[in-house]
2 protein chains.
Amino acid sequence: MTVSRALKEGSRVSKATREKIMAAVNDLGYVLDQSAGSLSSRKTGFVAAIVPSINNSNFADTARGITDELESTGLQLLLGYTDYTAEKEEKLIEAMFRRRPEGIILTGGAHTERARRLLKSAGIPVVETWELPAKPIDQVVGFSNEEAMGLLVKTLARKGYRKFGYIGGTTSRDTRGSQRREGFIRAIEELGLPPGRLVSFGVPPISIEQGGQAVVSMLERWPDTEAVLCVSDLSAFGALMECKRRGMRVPQDIAIAGFGDYEVAAFCHPGITTVNVDCYGIGQQAARRLIQSIRGDEKQRRQEIVLTGYRVVEREST
Amino acid sequence: MTVSRALKEGSRVSKATREKIMAAVNDLGYVLDQSAGSLSSRKTGFVAAIVPSINNSNFADTARGITDELESTGLQLLLGYTDYTAEKEEKLIEAMFRRRPEGIILTGGAHTERARRLLKSAGIPVVETWELPAKPIDQVVGFSNEEAMGLLVKTLARKGYRKFGYIGGTTSRDTRGSQRREGFIRAIEELGLPPGRLVSFGVPPISIEQGGQAVVSMLERWPDTEAVLCVSDLSAFGALMECKRRGMRVPQDIAIAGFGDYEVAAFCHPGITTVNVDCYGIGQQAARRLIQSIRGDEKQRRQEIVLTGYRVVEREST
DNA sequence: TATTGATGTGGTATCGATAACATACCTTTG
DNA sequence: CAAAGGTATGTTATCGATACCACATCAATA
């Protein structure tokens with residue numbers, strides 16, 4: 001028992017005893033077993049986070065934000081990838097719940113029925129991120145993808161563009177992608193512009209290469225398209241490079257915009273107009289709220305929706 | 001006990017009992033507690049992996065390879081980032097060992113003395129990746145960064161370039177970066193070319209922006225540089241874009257090459273010559289070897305070094 | 001001096017699963 | 001028909017920590 005105390009911060013053990021214990025610990029190479037500790041104290045020190053993908057996506061930054069925020073708390077992150085499918089998300093939630101996380105961070109608001117049940121009955125704080133779900137489970141840290149894309153359309157319309165095209169992935173699994181497309185369509189309607197041209201290409205997350213291929217099919221079908229908006233900066237970059245490869249001038253012959261403000265969008269030539277959405281901050285805030293709910297007063301825990309900011313970043317591509 | 005059996009695959013429980021149990025489980029929303037299971041069975045089902053960073057780096061692909069390979073085995077990945085420092089690695093190893101992982105995958109061969117002790121005394125399989133450490137702890141899945149960079153130099157020298165420059169990060173913390181620089185210097189020596197020009201810029205992982213800034217300082221100091229090799233494709237991309245912004249022709253005025261074969265290198269314009277190193281495969285193979293060591297016969301476990309392939313991919317930038 | 005409180009240490013039960021063994025019942029086989 | 005073997009289920013101890021309570025010691029206070 002004294003050993004257990006000696007190894008915890010801030011418990012009262014005399015200096016002499018602690019030193020003796022530490023010496024023995026070093027000598028033996030003893031390492032505490034947290035599985036046993038978790039079982040006894042009913043605190044696992046785990047936090048679960050589930051993101052669609054971590055490769056070439058904004059979610060890597062969100063994961064990073066979570067990790068950084070968690071670092072000082074001694075909580076361990078359990079990270080999982082859904083590949084943009086709700087089924088895989090359900091499986092991940094189930095697998096992670098076996099580890100008894102003290103809180104969970106999700107991406108988006110689309111979950112299977114079973115997943116919702118699991119989440120609700122687990123009795124731990126849940127934070128949904130990156131969207132504003134219609135029926136939040138608990139807490140939310142995100143923004144409206146629809147409005148953000150709408151703002152981009154309006155910004156470009158103000159510059160005089162009228163014939164808009166949109167490039168996104170093929171399936172509706174990527175709910176944020178779908179929301180952006182909806183926002184695109186709606187904004188164009190509201191502005192009374194000619195209907196937007198939609199090209200769906202590739203399984204989300206759509207790659208640089210697929211962005212290039214998509215813009216080709218866009219131009220084949222609607223050669224007079226003036227501005228192409230893409231579901232992400234990577235596809236926008238692919239589209240941009242493909243256009244340049246074909247000798248088109250950007251933005252004179254065609255304007256291109258992306259979403260997410262990846263580093264590549266800022267430093268490619270020409271720079272890509274995009275929407276900055278503070279991916280890192282989403283992770284940070286989600287983690288912060290989770291920590292508050294876990295460590296803080298039960299009463300203090302309020303179900304709140306945190307709106308994270310976004311802004312259009314205009315560059316040379318439009 | 002029968003419940004425990006019913007919830008495991010491949011244990012013998014009568015169909016009727018299993019159904020009754022499953023019904024109750026569904027009814028109650030019961031979820032197995034793996035902390036307790038781990039304690040009892042002395043198998044945690046955890047595998048630890050430590051990478052320098054997961055943002056904009058090849059290691060995201062390696063992590064992905066590990067995750068994919070682990071998926072079917074029921075092992076959970078504990079992922080940590082070192083930010084390229086051995087001290088943080090040591091802390092991570094310590095924190096993760098409290099969770100009693102059944103195996104651990106590391107990046108590189110540079111560890112603190114204490115970390116080496118911990119790793120050796122843990123009695124679990126260890127796989128070092130991405131390098132060929134001089135003193136391997138256990139197993140290795142990697143390649144020689146020195147040779148790979150040397151091959152790139154030789155390939156370009158064969159095309160007629162003679163005045164080479166190298167762009168990398170400022171500190172030696174990034175051991176792979178240092179090894180690549182060493183390979184660069186040595187290859188140039190071997191070829192009897194004029195000494196390479198070295199620019200160190202920014203804390204690893206060096207960004208697109210820093211690549212651009214580095215090439216500027218390279219050209220200020222050595223305006224006649226013919227070919228610039230960069231520690232990674234991202235910095236190469238930044239350098240390329242900066243050169244184009246300044247109206248230079250690539251590769252006529254200056255050739256640029258990177259390392260890592262990121263997607264951006266393939267699809268930017270002009271495409272960037274680089275070294276492809278199968279990041280995903282490194283993760284896959286490391287995980288496979290770990291699984292074999294964990295699940296397989298103790299005798300079958302041999303300390304082996306797996307060389308992963310690399311190849312120079314020539315594109316328009318050289 | 002007796003009482004109180006602070007401090008440090010030790011004893012015991014417990015967390016929730018599984019390993020290992022025990023038992024009951026049924027089927028097969030010589 | 002008895003012995004042997006297979007199948008399904010139950011019993012008990014245990015994994016390694018911590019919660020909770022008990023107790024010893026010593027200083028401060030009434």
Side-chain angles (χ1 to χ4, degrees), chain A residues 1-46 48 73-76 78 94-103 118 121-124 294-295 298, chain B residues 1-46 48 73-76 78 94-103 118 121-124 294-295 298:
Chain A
M1 199 58 238
T2 305
V3 172
S4 177
R5 270 188 291 252
L7 294 174
K8 294 254 165 276
E9 310 283 307
S11 6
R12 16 183 79 288
V13 178
S14 77
K15 212 171 147 204
T17 324
R18 175 166 260 139
E19 271 164 13
K20 263 198 288 182
I21 289 174
M22 287 310 184
V25 162
N26 269 324
D27 208 44
L28 296 165
Y30 170 82
V31 179
L32 211 83
D33 186 327
Q34 275 206 53
S35 298
S38 304
L39 186 60
S40 173
S41 67
R42 320 180 71 46
K43 277 185 203 159
T44 57
F46 279 126
T73 64
L75 291 162
Q76 244 287 340
L78 289 176
E94 230 184 322
M96 289 182 166
F97 275 12
R98 281 199 267 276
R99 304 286 186 180
R100 297 284 186 275
E102 299 183 45
L118 282 167
S121 62
I124 57 172
I294 293 171
R295 299 281 185 242
E298 192 66 22
Chain B
M1 198 57 235
T2 305
V3 173
S4 177
R5 271 188 287 253
L7 293 176
K8 292 254 166 278
E9 311 281 306
S11 6
R12 17 182 79 287
V13 178
S14 77
K15 214 172 146 200
T17 324
R18 175 165 261 140
E19 273 164 11
K20 263 199 288 183
I21 290 174
M22 287 311 184
V25 162
N26 269 323
D27 208 43
L28 297 165
Y30 169 81
V31 179
L32 211 83
D33 186 328
Q34 275 206 53
S35 298
S38 304
L39 185 60
S40 172
S41 66
R42 322 181 67 48
K43 277 184 201 160
T44 57
F46 279 125
T73 63
L75 291 162
Q76 246 285 343
L78 289 177
E94 229 183 322
M96 288 182 166
F97 274 12
R98 280 198 268 276
R99 305 287 186 181
R100 296 284 188 274
E102 300 183 45
L118 282 167
S121 62
I124 56 173
I294 293 171
R295 300 280 184 241
E298 193 65 22

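Only a predicted model underlies this, so the values are computations on that prediction, with no experimental measurement involved. Labels below follow one simple rule: chain letters A, B, ... track the order of the sequence lines, proteins then strands, and each chain is numbered from 1.
For A:Glu94, the side chain to side chain donor-acceptor pair (under 3.5 Å) partners at least two apart in sequence or on another chain are A:Arg114. The side chain to side chain donor-acceptor pair (under 3.5 Å) test applied to B:Thr17 returns B:Ser14, not counting sequence neighbours. Judged as a ring-ring contact (aromatic ring centres under 6.0 Å, His included), and not counting sequence neighbours, A:Phe97 has no contacts.
In this entry the distance linking CZ of B:Arg12 with P of D:dG5 reads 17 Å, nearest Å. Here the P atom of nucleotide D:dT9 and the NZ atom of B:Lys8 are 17 Å apart, to the nearest Å. The distance between atom CZ of A:Arg42 and atom C1' of C:dA13, rounded to the nearest whole Å, is 14 Å. Distance, B:Arg99 CZ to D:dC15 C1': 17 Å, rounded to whole Å. For the pair A:Asp33 CG and D:dT14 C1', the computed distance is 14 Å after rounding to whole Å. Note: CZ (A:Arg18) to P (C:dT9) measures 10 Å, nearest angstrom. Between the C1' atom of C:dA17 and the CZ atom of A:Arg100 lies a distance of 11 Å, rounded to the nearest Å. One can place NZ of B:Lys43 at 11 Å from C1' of C:dA19, the figure rounded to the nearest angstrom.
Sequence neighbours left out, not one pair with a member in residues 11-30 of chain B passes salt bridge (Lys or Arg N to Asp or Glu O under 4.0 Å).
For the segment residues 34-41 of chain B, the set of residues with a heavy atom within less than 4.0 Å of an atom of DNA chain D comprises B:Leu39, B:Ser40, in numerical order.
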Using the rule given for side chain to side chain contact (heavy atoms under 4.5 Å, CB included), can you reason through A:Arg100 versus A:Arg42, listing the C-alpha separation, both sets of side-chain angles and the distance that settles it, and then say yes or no?
CA-CA 9 Å; A:Arg100 297 284 186 275; A:Arg42 320 180 71 46; over 6 Å; no
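Distance CD1/B:Ile21 to CG/B:Asn26: 12.5 Å, rounded to 0.5 Å. Summarising the geometry, atom CZ belonging to B:Arg295 is positioned 4.5 Å from atom CG belonging to B:Leu75; distances are rounded to the nearest 0.5 Å.
Comparing C:dA17, D:dG16, D:dA8 against the side chain of B:Ser14 picks out D:dA8 as the nearest.
Considering every non-hydrogen atom in both A:Glu102 and A:Thr44, the closest pair reads OE2-N, 3.4 Å.
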Would you mind writing out the side-chain donor-acceptor pairs for residues 30-37 of chain B within the sub-3.5 Å range, not counting sequence neighbours?
{"unit_1": "B:Asp33", "atom_1": "OD1", "unit_2": "B:Ser35", "atom_2": "N", "d": "2.8"}
{"unit_1": "B:Asp33", "atom_1": "OD1", "unit_2": "B:Ala36", "atom_2": "N", "d": "3.3"}
{"unit_1": "B:Gln34", "atom_1": "OE1", "unit_2": "A:Arg99", "atom_2": "NH1", "d": "3.4"}
{"unit_1": "B:Gln34", "atom_1": "OE1", "unit_2": "A:Arg99", "atom_2": "NH2", "d": "3.3"}

Which atoms of nucleotides 10-12 of chain C (N or O only) lie under 3.5 Å from a protein N or O atom, and what are those distances?
{"unit_1": "C:dG10", "atom_1": "OP2", "unit_2": "A:Thr2", "atom_2": "OG1", "d": "3.1"}
{"unit_1": "C:dG10", "atom_1": "N7", "unit_2": "A:Arg5", "atom_2": "NH2", "d": "3.0"}
{"unit_1": "C:dG10", "atom_1": "O6", "unit_2": "A:Arg5", "atom_2": "NH1", "d": "3.4"}

